[in-house]
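Just so you know, residue 1 is the first one in the sequence shown, and it goes up from there. Every heavy atom of this structure was used, including side-chain atoms; hydrogens, water molecules and symmetry mates were not.
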Amino acid sequence: MNFVKRAGMSLGARKSKTAALLAIFVVLCTLLLGGFLLQAAAARQEADAQRVIGVDVTVRQKGLTPALADELGASDVVNRYNPRLPVRAAARGLAPLTSDAPQPGGEAGEPDQAPLAVNGVRDAGLLLPFSYGSTKITAGRGIGPEDADRDIALIERRLADRNHLAVGDIVRVLSADGAHPMPLKVVGIFQDPTQDPSSWTPPHELPGNTLYVPMATAQQLGTGTGTGTVGEAVYRIGSPDRAERLHAEAERVLGESGFDFRVNDKAYQDQVRPIQQVGVFAGLIVQVIALAGALILGLIVTLQIRERRTELGVLLAMGERKWKLIGQHAVEVAAVALPAVAVAALAGQLAGQSAGDALLGPQDDTPSAQHGPPDPGAVAGPTVRVEPGTVGRVAGIGLGISLVSTVVPGIGILRLHPRTILTDSE
């Protein structure tokens, strides 16, 4: 009789033991699948967190120009970047805020010809006050890279209230020398929590007189020649280990000395490292389960071989080859492993997401001490998906375990002699 057919008849005749073996395999395959799903979910969440949270590198240098900042921002390790170009501007048809406190000396001085503090930016979301979450946009939107060629402005709420401005209105400003008028469309209104100083303060230092505009607009307002000096530039990279590559790129672009390079990775350490630890833990779970499963099933098969010594002796006496006896046991275990993989896949589909939420949890949107919240909605909780490739890996490991757990104990079959077995059984 074919040993494969004999394996099927043996499984049918020993229903209770087959059910017990199936239950063991279901638990084993479910745990293996859970480990793989957790690894994959952790990897996806880590990639999302690196993209959104990342690590901020602040670069400062005397004489840093927007062109140099853009050249460094073009590095392949940079996800986002934002140079900040501070300039002064005058107002036309716009009433700037003034200090309520009397000016020292008791007499009013000459009016400030450039009362507005204008900051040219590329990506307002990387500005420290907005990253902290202390400064918030209350209406409209911020300024992004897509706004590079637009004449727009993000203004402070107090300046908007004084001039009855809303999103969509036009404000008119002048360069500091009064030679370059420029109309700006208000695309957003932000609220700075900084209180007005109690003592007299020049208008351009009042927090309410701050405007953010695209970099090109600030360059025109500052000098009218398209040049200017960047106060600082912030570069967001995926992980701390990329900081060395960015530093080497900064040395190439800015020179080997004379620039300040500061890495801020606290948010990355606070939010990404725990995700990585979960992934490592899941990998260890898979290894331990595979090893423990092989040992447990090997022990079970060894006990089954001892219980079936008489059956083996009869088959050997009938001329059955020993490798076919080992093959029969391997087929029996493998035949139980395959449906167990299907049951595990179904369990993973039903309970995988809840297990992933419990272990990884939703991404924390609470502002950190250094970075603040990530972009709204950019980092979601872990997504657990049962994919065919993952099921295939579980099936492969399950079949590998069944092979190891039958072949290793089956070595004892090679030493069996039918006369000895049948004599001992009498």
Side-chain angles (χ1 to χ4, degrees), residues 60 82-121 124-143 151-215 217-223 228-232 234 372:
R60 296 184 180 92
N82 179 63
R84 184 180 64 84
L85 177 63
V87 297
R88 300 270 300 278
R92 171 181 287 182
L94 179 69
L97 300 170
T98 56
S99 180
D100 294 332
Q103 186 173 351
E107 294 183 1
E110 291 294 327
D112 194 337
Q113 299 301 315
L116 301 177
V118 180
N119 292 277
V121 296
L126 291 182
L127 290 167
L128 195 59
F130 292 90
S131 294
Y132 276 157
S134 57
T135 298
K136 299 180 179 180
I137 296 177
T138 58
R141 62 176 180 86
I143 296 174
D151 293 330
I152 59 175
L154 181 64
I155 67 174
E156 213 278 331
R157 180 184 55 82
R158 282 165 284 194
L159 183 64
D161 290 345
R162 178 168 185 176
N163 291 273
H164 307 289
L165 296 173
V167 174
D169 290 343
I170 302 296
V171 296
R172 291 174 173 80
V173 296
L174 295 167
S175 59
D177 59 6
H180 295 85
M182 186 169 292
L184 303 175
K185 180 180 179 180
V186 178
V187 295
I189 299 174
F190 68 93
Q191 183 173 1
D192 188 338
T194 305
Q195 299 295 322
D196 291 330
S198 57
S199 59
W200 183 86
T201 303
H204 67 275
E205 295 182 8
L206 293 174
N209 284 333
T210 300
L211 287 80
Y212 294 101
V213 299
M215 183 67 64
T217 302
Q219 289 176 305
Q220 293 299 320
L221 287 173
T223 63
T229 301
V230 173
E232 65 181 20
V234 177

For the side chain of [X] and the backbone of [Y], is there at least one donor-acceptor N/O pair under 3.5 Å apart?
| X | Y | answer |
| --- | --- | --- |
| Thr201 | Ser199 | yes |
| Arg158 | Asp192 | yes |
| Asp151 | Pro183 | no |

Distance in Å, [X] [atom1] paired with [Y] [atom2], rounded so as to fall on 0.5 Å steps:
| X | Y | atom1 | atom2 | value |
| --- | --- | --- | --- | --- |
| Arg162 | Thr98 | CZ | OG1 | 5.0 Å |
| Asp196 | Asn209 | CG | CG | 9.0 Å |
| Gln219 | Thr229 | CD | OG1 | 10.5 Å |
| Thr210 | His204 | OG1 | NE2 | 10.5 Å |
| Thr135 | Tyr212 | OG1 | OH | 6.5 Å |
| Lys185 | Asp169 | NZ | CG | 10.0 Å |

Are any of the side-chain heavy atoms of [X] and [Y] separated by less than 4.5 Å?
| X | Y | value |
| --- | --- | --- |
| Pro86 | Val118 | no |
| Met215 | Pro83 | yes |
| Leu184 | Thr217 | yes |
| Arg141 | Ile152 | yes |
| Glu156 | Phe190 | yes |
| Leu165 | Leu94 | yes |
| Ile143 | Pro214 | yes |
| Pro203 | Leu97 | no |

Looking only at heavy atoms, which two atoms of [X] and [Y] are closest? And how far apart?
| X | Y | value |
| --- | --- | --- |
| Ser198 | Ala101 | O-CB, 3.4 Å |
| Pro115 | Ala91 | CD-N, 4.4 Å |
| Leu154 | Ile189 | CD1-N, 3.8 Å |
| Pro102 | Trp200 | O-CB, 3.3 Å |
| Leu159 | Leu116 | CD2-CD2, 4.5 Å |
| Arg84 | Val230 | O-CG1, 3.3 Å |

Checklist entry - side-chain contact (heavy atoms from CB on, under 4.5 Å) between Gln220 and Val213: does it pass, once the steps are laid out? => result CA-CA 11 Å; Gln220 293 299 320; Val213 299; over 6 Å; no
Item to check | Intermediate values then yes/no, side-chain contact (heavy atoms from CB on, under 4.5 Å), Val121 and Leu127 | outcome: CA-CA 9 Å; Val121 296; Leu127 290 167; 3.9 Å; yes
